[in-house]
Amino acid sequence: MPILEVKNLTKTFKSTPIIKGISFDVAEGEILGILGPNGAGKTTTLQMLLGILTPTSGSISIFGKDVATNKSNILESVNFSSTYVDMPWRLSVKENLTWSSYLYMIPDRKKRLKQIMELFRLEKIWNLPVAALSAGQKTRVNLARSMVNYPRLLLLDEPTASLDPEVASYMREFFARQREAYNKSIILTSHNMSEVEELCDRVLILKDGLVFDVDTPANLAKKIEDCYLSLRLTKNASKLDELIRRRKLVITVNEGITRIEIKEKMLPLFLYELTKLNIQYSEISIDKPNLEDYFMKVAKDKSL
Amino acid sequence: MKLHRLWGLFLRYYYNLLRSYDRLTDMFFWPVVDLLMWGLTSQYLVKTGALNNNIVLALLGGIILWIFPWRGQYEITVSLLEDLWNRNLVNLFATPVKFIEWITTLMLIGIIKAAVSFAFASMVAILLYQTNIYTLGLKLLPWAGLLIVFGWVFGLLVSGIILRYGTKIQTLAWTAIHLISPFVGVYYSISTLPAWAQRVAAYVPASYVFEAMRSEIAGNPVPLSALLAPFLLCVFYLVIALYLLIRSYDHILKRGLISVE
């Protein structure tokens, strides 16, 4: 049974539709990534899930309860973190986590805060005011705050933006472990495609307020048919030109490397033809399409 | 309403107060400035024979009691502004916190701060001018109660306006209560107002408290029952203000809490 169900959700601002009837769900223990170009409606969707933006129509149910009528109850087991939302900057990290913790029913508050401090490596900044922290440290504290109530569902809006690579990687591992150990569900938006590929079970692509696609990162990447074959040619380069012309392929040459854009399913035959024509090369690499390629195609292609 | 959430919100504003010297000092600064200015002026007038000690007590009592509506309003509106400046409203309402719990906390903090400011200002009046407002007795409690509810009315109304229109009208957070003060008669009797203003003052619950205080000082005590009607009027205003604020909150939920920041 899904932990979250969104049905026909719409949001219109001053007669401009921003979200145009989207439906999706998230299973217990699933990590769902929401991707989309700027203005696609990602943050608007997250806000509606949190009950801080009223939908124009449609329904959101979390843990089987309607968000519109059970918001407070539902949010006991939900939390979120966004790089775009600040904490009271005069308060120390400890004070911010302490007051936030009282907004939830937490059995052993002191123990939990100590645990959070250690998990998020906050010891050195524990007593510093938020105003004195770097952007990365603030993000870390925000993430720590989002874990304080043992959330069953976590909404993360660009969780690792402004973190240095080492801490970002630690955080990704942390969330993956949380999901495995406690079966937590996570919805995240990110512009870091490798992060989404690494963490998410499924990716929902939003475009112009509509669900453009939902699938696993691997399946989405497979929807790009073209891949890139790069060769450093050593013999019979002219025969390759002829072959390229015949097959109507696109090539680019840069620093002695010939890069050929070719449909993935055509690749075995193409390699066979190279051998047959005695076209020799000293280096070869094949770049298979990934989620980023798919995302770029979706973002750029106005006809989609 | 859940007590642990009220406590969490209380801690949030308490920690902020401890770390905000501006918020900490303004609990004491303005009452003392008013007391110094009016106290010295009235002492001068006493020396010239233009005033007697009862009028001094009425003037200083007015300043001290005015703390209640002022703090009641100020605490709600300035706390809202701080949450807007801190971009913290989303953090607050993407939690189980209910809007009414947040408002309740701000109201309660208003009472505590008003009580502290009142205690401090009344001590200053005793020390500097040997004027003791506590001679008015236990009636101070219901008077203070009505005045703080009156302050809340303005706090809620102004908060509703700020929520709808944003921080571009934030000046109201500090000044709103003073707009009504001419009709309250903090320092003078309502009878000194022109007839039309007296009619307005009749609908201003706080004006009855200051009239009652002056009557009490003049030796004509006003029974507490006389304040029942203005108190009910004040509660009526409070219900309307609360309704309008909740309407404003619902309105900004349609735009999104992020938009108001």
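Within every chain, numbering begins at 1; the chains are lettered A, B, ... in the order of the sequence lines, protein sequences first and strands thereafter. Here the structure is a predicted model, which means the values were calculated and not measured.
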- request: For side chain to side chain contact (heavy atoms under 4.5 Å, CB included), just list the numbers for V90(B) and F80(A), CA-CA rounded to whole Å, side-chain angles, deciding distance to a tenth of an Å, and then say yes or no.
  value: CA-CA 10 Å; V90(B) 170; F80(A) 99 111; 3.4 Å; yes

Given heavy-atom pairs under 4.5 angstrom as the criterion, report whether the side chain, backbone, both or neither of [X] touches chain A.
X      : result
Y13(B) : neither
K98(B) : side chain
L18(B) : neither

When rounded to the nearest 0.5 angstrom, what distance separates [atom1] in [X] from [atom2] in [Y]?
X       : Y       : atom1 : atom2 : answer
L91(A)  : N16(B)  : CG    : CG    : 5.5 Å
L11(B)  : N96(A)  : CG    : CG    : 11.5 Å
L103(A) : E101(B) : CG    : CD    : 9.0 Å

- prompt: When you measure from the side chain of K2(B) to the backbone N and O of Y104(A), does any donor-acceptor pair fall under 3.5 Å?
  reply: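 Absent.
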
What closest approach, in Å, do [X] and [Y] show between heavy atoms, and which atom pair accounts for it?
X       : Y      : result
L253(B) : G51(A) : CD2-O, 4.1 Å
S72(A)  : P96(B) : OG-O, 2.6 Å
G8(B)   : W99(A) : O-CB, 3.4 Å
L75(A)  : T95(B) : CD1-O, 3.3 Å

message: Quick check on K14(A) against chain B: is it the side chain, the backbone, both or neither that has a heavy atom closer than 4.5 Å?
response: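 The answer is neither part of K14(A).
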
query: Considering only heavy atoms, which portion of S92(A) lies under 4.5 Å from any heavy atom of chain B: side chain, backbone, both, or neither?
result: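 Interface part for S92(A): both.
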
Report, as yes or no, whether the 6.0 Å neighbourhood of atom [atom1] on [X] holds more than 12 heavy atoms from other residues, nucleotides or ligands.
X       : atom1 : value
F63(A)  : CZ    : yes
W7(B)   : CH2   : no
K94(A)  : NZ    : no
L127(B) : CG    : yes
Y21(B)  : OH    : no
Y243(B) : OH    : no
Y14(B)  : OH    : no

Is there a side-chain contact between [X] and [Y] in this structure, where contact means two heavy atoms from C-beta onward sitting under 4.5 Å apart?
X      : Y       : answer
T98(A) : Y15(B)  : yes
R5(B)  : M105(A) : no
F93(B) : K71(A)  : yes

- prompt: Taking atom types as modelled and ignoring hydrogens, do the side chains of R145(A) and N91(B) form a donor-acceptor contact shorter than 3.5 angstrom?
  reply: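 Indeed, the side chains of R145(A) and N91(B) share at least one donor-acceptor pair under 3.5 Å.
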
- prompt: Any ion pair linking E82(B) and R90(A) (charged N to carboxylate O, less than 4.0 Å)?
  reply: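 Looking at R90(A) and E82(B), the cut-off is met.
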
- request: With salt bridge (Lys or Arg N to Asp or Glu O under 4.0 Å) as the test, would you mind laying out the steps for R12(B) and E95(A) before giving the verdict?
  value: CA-CA 8 Å; R12(B) 181 239 181 283; E95(A) 287 166 345; over 6 Å; no

- prompt: Using a cut-off of under 4.5 Å for heavy-atom pairs, which of D86(A), N149(A), T54(A) has the most such pairs with chain B?
  reply: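 The candidate making the most pairs under 4.5 Å is D86(A).
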
